[in-house]
Amino acid sequence: MRKYNSADARRLAIWPPLPLNVHYRQPMECRPFPLGHENCQIYSMARHAIWNACQALGLKRNDVVLVPAYHHGSEIEALLKAGLSIKYYELNDMLEPDENELEQLITPDVRALYLTHYLGFTQDAAYWRKWCDQRGLLLMEDAAQAFLATREGQPVGSFGHMGVFCLYKTYGIPDGAAVIADVAIPAPTSRPKSGFIRMAKRHFNWLAERNSMFGRVRWFFAPILTWWRLKTDRPDEDFALDDPMLPPANMSSRLLPSVLSESTAEIRRANYQYLLDHLSDLVPAPFRTLQGGESPFAFPIETEDPRGFLKSIRKQGIEGLLFWFFPHPSLPVEDFPKSKLRREHILAVPVHQELTKAHLEHIVNAVLETQGKLTRTAIVAS
């Protein structure tokens, strides 16, 4: 494996950056599911899409939805703001719902099962659709991290009565979340934001991946930006619904047709497979095998010290992510020990389609070096 130049300050972000030439590309003819579908609407964020889908599906106040204890939190807030009640369920070792547990949770007021496709890996949604139909329940598919993914040739998000997708988690546009349902969903009515600042940030991230000068600038200002966010961000911002009728930013609507590509999921799988070939011992069990239909959002790593791990790889130019570390406040954390352990031990590193072979090699080297340091430290401490 080629040695990466340690003096190179290029920064590799977990979110997909936005190439500079996107403004000059011709719009793509491909419209992957659910884009272009009669019942598809696009909002600024997935939480907005979920809230509107709940209204369209006829869910009433205090109807109960079964939701996974392992979640981001914004989807939970959207369901609660829609007037619904929540019953949490635990996941098995493969991040799948436990049918016996779900059966015990079903009461007359339960109306829907919320199913999450984690990190672009697919659940057996066809099975759960049948399971829901037999019990008179709605199936709500969360494919926020799984846009472009398929299961046995069928698009993820097309099995349920509703499917939601985060477009900006696959492409470097400022925002945008698509939703589709068996019924018509109202179009967003609020005034869109410009999206210019977020677009500029994604462009800068693309430059920082390819040029050490921009990488050094990003590295220099990162602590300042973190301090500013801590000073100005609302504590609940990660979960807040805000305006549920907000459409995607003008820049997102303008650029989306130019970034769509039929090869995106394939490139992400190839990048994921490369990392998996070198780092499989560090990957949680549900993510150790690619079946061919995934559209990976990020590459997961399981470690005893995720904060220390992230700090170490950040020094080597890799911006990782503590994966869903903070659950929604409504979750009784101690009642779901498997989900608690996942939050405390899983982080993620980049796998997006803008990474080069040199980037992937650097990620592998940085991860292995960090794991070696943490192992040696743990041995000495013991």
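Position 1 is the first residue of the sequence, and the numbers go up from there.
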Exercise for review: Taking the side chain as every heavy atom from C-beta outward, state whether L355 and P350 have any pair of such atoms under 4.5 Å apart.
Suggested key: yes
Check your understanding: Between R269 and E294, is there a donor-acceptor pair closer than 3.5 Å when you use the side chain of the first and the backbone of the second?
Key -> yes
Check your understanding: How about L119 and P296: do any of their side-chain heavy atoms sit closer than 4.5 Å?
Key -> no
Point to revise | Heavy-atom donor-acceptor pair, K87 side chain to L105 backbone, under 3.5 Å | key: yes
Practice item. Would you tell me whether T264 and Y171 have side-chain atoms, one donor and one acceptor, within less than 3.5 Å of each other? Key: yes
Practice item. Give a yes or no on this: more than 12 heavy atoms of other residues, nucleotides or ligands lie within 6.0 Å of atom CD of Q26. Key: no
Check your understanding: Between atom CD1 of I50 and atom OH of Y43, what is the distance when rounded to the nearest 0.5 Å?
Key -> 12.0 Å
**Study point:** From CZ (R135) to CG (L102), nearest 0.5 Å
**Key:** 9.0 Å
Exercise for review: Could you tell me whether K193 and D175 make a salt bridge, using a distance below 4.0 angstrom between a side-chain N and a carboxylate O?
Suggested key: no
Review point. Is there a side-chain contact between I185 and I180 (heavy atoms, below 4.5 Å)?
Key: no
Check your understanding: What are the two closest heavy atoms between L260 and C30, and how far apart are they?
Key -> CD1-O, 3.7 Å
**Study point:** Aromatic plane relationship, F147 with F165 - under 30° parallel, 30 to 60° tilted, over 60° perpendicular
**Key:** perpendicular
Check your understanding: Counting distance only, does the side-chain N/O of E90 pair as donor-acceptor with the main-chain N or O of K338 below 3.5 Å?
Key -> yes
Review point. Looking at CD1 of I301 and CG of D281, how far apart are the two atoms once the value is rounded to the nearest 0.5 Å?
Key: 12.0 Å
Check your understanding: For the rings on Y114 and H71, is their centre-to-centre separation under 6.0 Å?
Key -> no
Practice item. Ignoring hydrogens and angles, state whether a donor on the side chain of S258 or R25 is under 3.5 Å from an acceptor on the partner side chain. Key: no
Review point. How far apart are the closest heavy atoms of M94 and P286, and which atoms are they?
Key: CE-CA, 3.6 Å
**Study point:** Distance-only donor-acceptor check, side chains D305 and T303, under 3.5 Å
**Key:** no
Practice item. Indicate yes or no for a side-chain donor-acceptor contact from R31 to the backbone of M28 under 3.5 Å, with no hydrogens or angles considered. Key: yes
Point to revise | Flag, side chain of R47 to backbone of A240, donor-acceptor distance under 3.5 Å | key: yes
Practice item. State, yes or no, whether a side-chain contact exists between Y168 and L256 at a heavy-atom distance under 4.5 Å. Key: no
Practice item. Take atom CD1 of I197 as the centre, draw a 6.0 Å sphere, and report whether it contains more than 12 heavy atoms from other residues, nucleotides or ligands. Key: no
Check your understanding: Salt bridge between R210 and E354, side-chain N to carboxylate O under 4.0 Å?
Key -> yes
Review point. Taking the six-membered ring for Trp, are Y274 and H278 parallel (under 30°), tilted (30 to 60°) or perpendicular (over 60°)?
Key: tilted
**Study point:** side chain to side chain donor-acceptor pair (under 3.5 Å) against N92, all qualifying residues, sequence neighbours excluded
**Key:** E96
Check your understanding: What's the spacing between D242 CG and K81 NZ if we round to 0.5 Å?
Key -> 9.5 Å
Review point. Is it the case that more than 12 heavy atoms not belonging to E152 sit under 6.0 Å from its CD atom?
Key: no
Review point. Can a donor-acceptor pair be found between the side chains of R129 and H161 at a distance below 3.5 Å?
Key: yes
Exercise for review: Output yes when a side-chain donor or acceptor of N205 lies under 3.5 Å from a complementary backbone atom of L18, and no otherwise.
Suggested key: no
**Study point:** Heavy atoms of other groups near E262 CD, more than 12 under 6.0 Å
**Key:** no
Review point. Salt bridge check: are R314 and E319 linked by an N-O gap of less than 4.0 Å?
Key: yes
Point to revise | Side chain S312, main chain F309, donor-acceptor under 3.5 Å | key: no
Practice item. Tell me whether W324 is reachable from M45 by hopping between hydrophobic residues (I, L, V, M, F, W, Y) whose side-chain heavy atoms are closer than 4.5 Å. Key: yes
Point to revise | Side-chain touch E344/L341, heavy atoms, less than 4.5 angstrom | key: yes
Point to revise | E141 side chain to G157 backbone, donor-acceptor under 3.5 Å | key: yes
Check your understanding: With distance as the sole test, does N39 use its side chain to make a donor-acceptor pair with the main-chain N or O of A181 at under 3.5 Å?
Key -> yes
Check your understanding: Would you say the side chains of Q145 and H72 form a donor-acceptor pair under 3.5 Å?
Key -> no
Exercise for review: Ignoring hydrogens and angles, state whether a donor on the side chain of W131 or E99 is under 3.5 Å from an acceptor on the partner side chain.
Suggested key: yes
Check your understanding: Can you check whether L79 reaches M140 side chain to side chain, under 4.5 Å on heavy atoms?
Key -> yes
Point to revise | cation_pi(R268, F297) dist<6.0 Å, angle<=45 | key: no
Practice item. Answer yes or no: does atom CZ of R151 have more than 12 heavy-atom neighbours from other residues, nucleotides or ligands under 6.0 Å? Key: yes
Point to revise | CD/E266: more than 12 non-hydrogen atoms of other groups inside 6.0 Å | key: no
Practice item. Just jot down the side chain to side chain donor-acceptor pair (under 3.5 Å) partners of R202, sequence neighbours excluded, or say none. Key: none
Check your understanding: Just checking, is any N or O donor in the side chain of Q104 or N100 under 3.5 Å from an acceptor N or O on the other one?
Key -> no
Study note, to complete from the structure: Distance col, row L347:CG vs L282:CG, nearest 0.5 angstrom, shows 9.5 Å
Review point. When the ring centroid of Y118 is compared with that of Y70, is the distance short of 6.0 Å?
Key: yes
**Study point:** For the student: nearest non-hydrogen atoms of V156 and A146, plus distance
**Key:** CG1-CB, 4.3 Å
Review point. Judged by modelled atom types alone, do S194 and N250 share a side-chain donor-acceptor pair under 3.5 Å?
Key: no
Practice item. Check whether the ring centres of H117 and F121 lie less than 6.0 Å apart, and answer yes or no. Key: no
Point to revise | L241 side chain near L80 side chain, heavy-atom distance below 4.5 Å | key: no
**Study point:** Heavy-atom neighbours of F325 CZ exceed 12 at 6.0 Å
**Key:** yes
Practice item. Taking atom types as modelled, find out whether E209 and H359 have a side-chain donor-acceptor pair closer than 3.5 angstrom. Key: no
Check your understanding: Which pair of heavy atoms, one from A53 and one from M162, lies closest together, and at what distance?
Key -> CB-CG, 3.5 Å
Review point. So, D63 side chain and K60 main chain: donor-acceptor pair closer than 3.5 Å or not?
Key: yes
Check your understanding: About how many Å separate OH of Y127 and SG of C132, when rounded to the nearest 0.5 Å?
Key -> 10.5 Å
Check your understanding: How about D98 and Y89: does a side-chain donor come under 3.5 Å of a side-chain acceptor?
Key -> no
